[in-house]
Amino acid sequence: MSNLPFTFDIPIPGGVPTRVDKHVQRRLSALKGQFLDQTAYEKKLAEEDSLVYEVYEIHRPEIEGELLMGVSFIHPGKVGQEFYMTKGHFHTVLETAEVYYILQGEGFMVMETPEGETSVEPLSPGRILFVPPRWAHRSVCTSRQKDLVFFFVYPGNAGHDYGTIEQFGFRKLVLEGEGGIEIVDNPRYQGR
Ligand code: S6P
Ligand code: ZN
């Protein structure tokens with residue numbers, strides 16, 4: 001891999017980057033067990049395995065000292081009353097941080113530590129979110145029509161631990177309530 005400096009562009013507001021090495025697409029089936037309303041999930045999945053989010057990644061070596069970058073698009077949609085969201089993960093190397101820069105759409109970043117601290121931060125265009133080391137993170141799109149689009153960058157050696165979230169879920173959920181968006185405790189959270 002070349003070690004020369006390089007540039008690429010992200011069309012404003014929030015388009016596909018001009019350099020893409022890998023395009024990841026995650027569908028409803030990849031989020032099995034994560035949505036609160038399992039009946040609504042099974043029904044929706046039986047109709048169509050819809051695209052929930054996409055990630056455009058720039059390839060760099062997955063080693064300490066490197067930075068991994070890309071752009072994520074979380075599509076609008078809901079399962080029952082719960083907005084479309086990413087799987088979410090801890091970094092395998094827990095002591096690694098991440099920076100997000102929001103380009104388009106509205107949403108939240110749902111975060112928590114292994115010790116049980118939680119934080120749910122609103123996301124909107126122009127906002128930068130710093131995810132400190134140790135905090136699991138999941139992005140949620142609450143826009144009705146637009147994708148939630150953000151640029152991210154994190155250490156090359158971070159790795160992804162999806163299993164912990166798949167097994168236990170997040171402590172907080174983002175739902176559409178009668179009076180608008182609600183952030184609630186996850187009644188199905190299985191303490192770890
Ligand atoms: C990677 C970073 C993002 C997410 C992406 C999809 O550390 O947090 O690139 O990978 O937004 O989310 P997930 O949870 O499926 O990896
Ligand atoms: Zn991450």
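Ligands are counted one by one from 1 in listed order, and the atoms in each one are counted from 1 as well. Owing to the predicted nature of the structure, the values given are computational and were not obtained by experimental measurement.
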Would you say [Y] and [X] are linked by a side-chain donor-acceptor pair, where the criterion is simply a distance under 3.5 Å?
| X | Y | value |
| --- | --- | --- |
| H137 | H89 | yes |
| H23 | E57 | no |
| E54 | Q25 | yes |

Does ligand 1 have an atom under 4.0 Å from some heavy atom of H91? yes

Q. Under a heavy-atom criterion of less than 4.0 Å, does G88 contact ligand 1?
A. yes

Would you mind checking which non-hydrogen protein atom is closest to [atom], with the distance to 0.1 Å?
| atom | answer |
| --- | --- |
| atom 15 (O) of ligand 1 | Y53 OH, 2.5 Å |
| atom 4 (C) of ligand 1 | H89 CE1, 3.8 Å |
| atom 12 (O) of ligand 1 | T86 CB, 3.5 Å |
| atom 8 (O) of ligand 1 | Y100 OH, 2.5 Å |
| atom 16 (O) of ligand 1 | Y162 OH, 2.5 Å |
| atom 1 (C) of ligand 1 | H160 NE2, 3.1 Å |
| atom 2 (C) of ligand 1 | E98 OE2, 2.6 Å |

Ligand-side contact atoms (ligand 1) for residue partner [X], heavy atom cut-off under 4.0 Å:
| X | answer |
| --- | --- |
| F150 | 11 (O) |
| S72 | 5 (C), 11 (O) |
| H137 | 8 (O) |
| V55 | 5 (C), 6 (C) |

- Determine, using ring centers only, whether Y53 and H75 are less than 6.0 Å apart. no

Establish, yes or no, whether a centroid distance under 6.0 Å links the rings of F108 and F83. no

H89 NE2 to H91 NE2 via the Zn ion (ligand 2), rounded to 10°, gives 110°

Among N, O or S atoms, E98 approaches the Zn ion (ligand 2) most closely through OE1

In H137, the N/O/S atom nearest the Zn ion (ligand 2) carries the name NE2

- Query: Salt bridge between E166 and K87, side-chain N to carboxylate O under 4.0 Å?
  - Reply: yes

- Message: Tell me whether R144 is salt-bridged to E176, with the criterion being a basic N under 4.0 Å from an acidic carboxylate O.
- Response: yes

- Message: Would you say CD of E64 has more than 12 non-hydrogen atoms from neighbouring residues, nucleotides or ligands within 6.0 angstrom?
- Response: no

Kindly say whether F90 contributes a backbone atom to a donor-acceptor pair with the side chain of D161 at under 3.5 angstrom? no

F152 to ligand 1: N or O pair under 3.5 Å? no

- Please say whether S139 places an N or O atom under 3.5 Å from an N or O atom belonging to ligand 1. no

query = Within H160, is some N, O or S atom less than 2.8 Å away from the Zn ion (ligand 2)?
reply = no

Honestly, for R26 the part within reach of ligand 1 (heavy atoms, under 4.0 Å) is side chain

(Q) Can you classify the ring geometry of F150 versus Y100 as parallel (below 30°), tilted (30 to 60°) or perpendicular (above 60°)? (A) perpendicular

Any side-chain heavy-atom pair of P122 and R127 under 4.5 Å = yes

Rounded to the nearest 0.5 Å, the CE atom of M111 sits from the CZ atom of F170 at a distance of 9.5 Å

